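Step one of this worksheet: look at the structure below.
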Amino acid sequence: MANESPGGIRAMHALEEAVRKGYGTPEDPGLRDRFTDLPRAPIRIICCTLDKGINHGNILRIADCFRIEQVDYSPVGRRKERDFSGGFAALRWQPYRWIAPTDAIREAKAGGHRIYALSLGKAARPLRTIAWKHPAAIVLGQEWYGIDEDVAELCDEFVAIPLYGMIESLNVAVSAALAVESCFSAFLEANPGFFPAREASLKLMRPQPEG
């Protein structure tokens with residue numbers, strides 16, 4: 001966390017307690033104990049250096065929501081740049097690590113992952129046209145500068161999200177959410193037996209009675 005004032009520390013402890021209690025709801029008995037044994041979607045997020053530390057937390061939260069295999073963050077130089085306040089609850093449950101994006105991509109390729117980079121470059125194709133292949137890794141660039149050149153050279157496909165308004169680009173975490181959802185939906189179509197961990201989401205997946 002970036003804020004280490006006494007008030008910030010107290011707020012952190014209060015949040016930790018709320019998260020701890022939240023995973024013991026009557027609707028999901030035993031979920032905390034069995035969660036680590038649940039299968040994960042064969043999708044990774046690989047991040048170039050993030051300009052805004054809070055996106056570490058935002059992206060981790062997105063990863064946990066889709067139960068993907070891991071998040072790889074580019075190492076940062078100062079502790080205050082690692083800000084997980086946007087996804088603190090995911091810290092315990094979502095695998096992540098700090099590793100150079102080029103190393104993360106090479107490792108993913110060795111494991112059979114196809115590498116997709118979010119980019120606004122000329123080689124990019126619209127998100128809706130992508131035929132996702134799994135296992136997959138989604139590479140996120142810097143908010144201001146995009147994908148690093150040495151990283152881009154290692155990627156297999158480039159993906160863009162067309163925008164219909166005046167704004168030229170999306171926040172990196174929002175872009176990640178859209179790309180992961182698209183990639184995850186393709187995986188789910190081929191693997192309908194991959195179920196949500198929580199009962200509330202399982203109910204959404206079940207056919208609802210008409211009327």
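None of these values were measured; they are calculated from a predicted model. Numbering of residues begins at 1 and proceeds along the displayed sequence.
- Of all heavy-atom pairs between Gln94 and Gln70, the closest is NE2-CA, 3.6 Å.
- Once rounded to the nearest 0.5 Å, the distance linking NE2 of His113 with CD1 of Ile138 reads 10.5 Å.
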Tyr116 vs Val139, test: side chain to side chain contact (heavy atoms under 4.5 Å, CB included). Steps then yes/no. CA-CA 6 Å; Tyr116 301 86; Val139 179; over 6 Å; no
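- Closest heavy-atom contact between Phe158 and Ala152: CZ-O, 3.5 Å.
- Figure legend: cation-pi geometry between Arg67 and Phe194, with NZ or CZ positioned under 6.0 Å from the six-membered ring centre and within 45° of its axis.
- Rounding to the nearest 0.5 Å places CG of Asp148 at 9.0 Å from OG1 of Thr102.
- Within a 6.0 Å sphere centred on NZ of Lys109, other residues, nucleotides and ligands contribute more than 12 heavy atoms.
- Between Phe184 and Trp132, the gap from one ring centroid to the other reaches at least 6.0 Å.
- Using the six-membered ring where Trp is involved, His56 and Tyr73 have ring planes that are perpendicular, over 60° apart on the 30 and 60° scheme.
- Closest approach of Ile45 to Ala63, counting heavy atoms only: CD1-CB, 4.4 Å.
- A distance below 6.0 Å separates the ring centres of Phe84 and Tyr96.
- A distance of 11.0 Å separates CD1 in Ile46 from OG in Ser74, rounded to the nearest 0.5 Å.
- We find that Lys133 and Glu157 are not joined by a salt bridge, their nearest charged nitrogen and carboxylate oxygen being 4.0 Å or further apart.
- Shown here for Leu140 and Ile147, the closest heavy-atom pair between the two residues is C-CD1, 3.8 Å.
- Taking each heavy atom of Pro162 and Ala160 in turn, the nearest pair found is CD-O, 3.4 Å.
- Surrounding CZ of Arg97 are more than 12 heavy atoms belonging to other residues, nucleotides or ligands, all under 6.0 Å away.
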Run the numbers on Cys47 and Ile59 for side chain to side chain contact (heavy atoms under 4.5 Å, CB included), then give the verdict. CA-CA 9 Å; Cys47 303; Ile59 290 168; 4.1 Å; yes
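- Linking ILVMFWY side-chain heavy atoms closer than 4.5 Å, directly or via other members, places Val76 and Leu50 in a single hydrophobic cluster.
- The distance from atom NE2 of His134 to atom CD1 of Ile43, rounded to the nearest 0.5 Å, is 4.5 Å.
- Cluster annotation: Leu188 is not connected to Leu202 through the hydrophobic network of ILVMFWY side chains, with a link wherever side-chain heavy atoms come within less than 4.5 Å.
- With a 6.0 Å radius and a threshold of 12 heavy atoms from other residues, nucleotides or ligands, Arg61 has its CZ atom at or below the threshold.
- At a cut-off of 3.5 Å, with distance as the only test, a side-chain donor of Ser185 or Glu181 sits close to an acceptor on the other residue.
- For Arg44 and Glu69, the salt-bridge test passes: some basic side-chain N is under 4.0 Å from an acidic carboxylate O.
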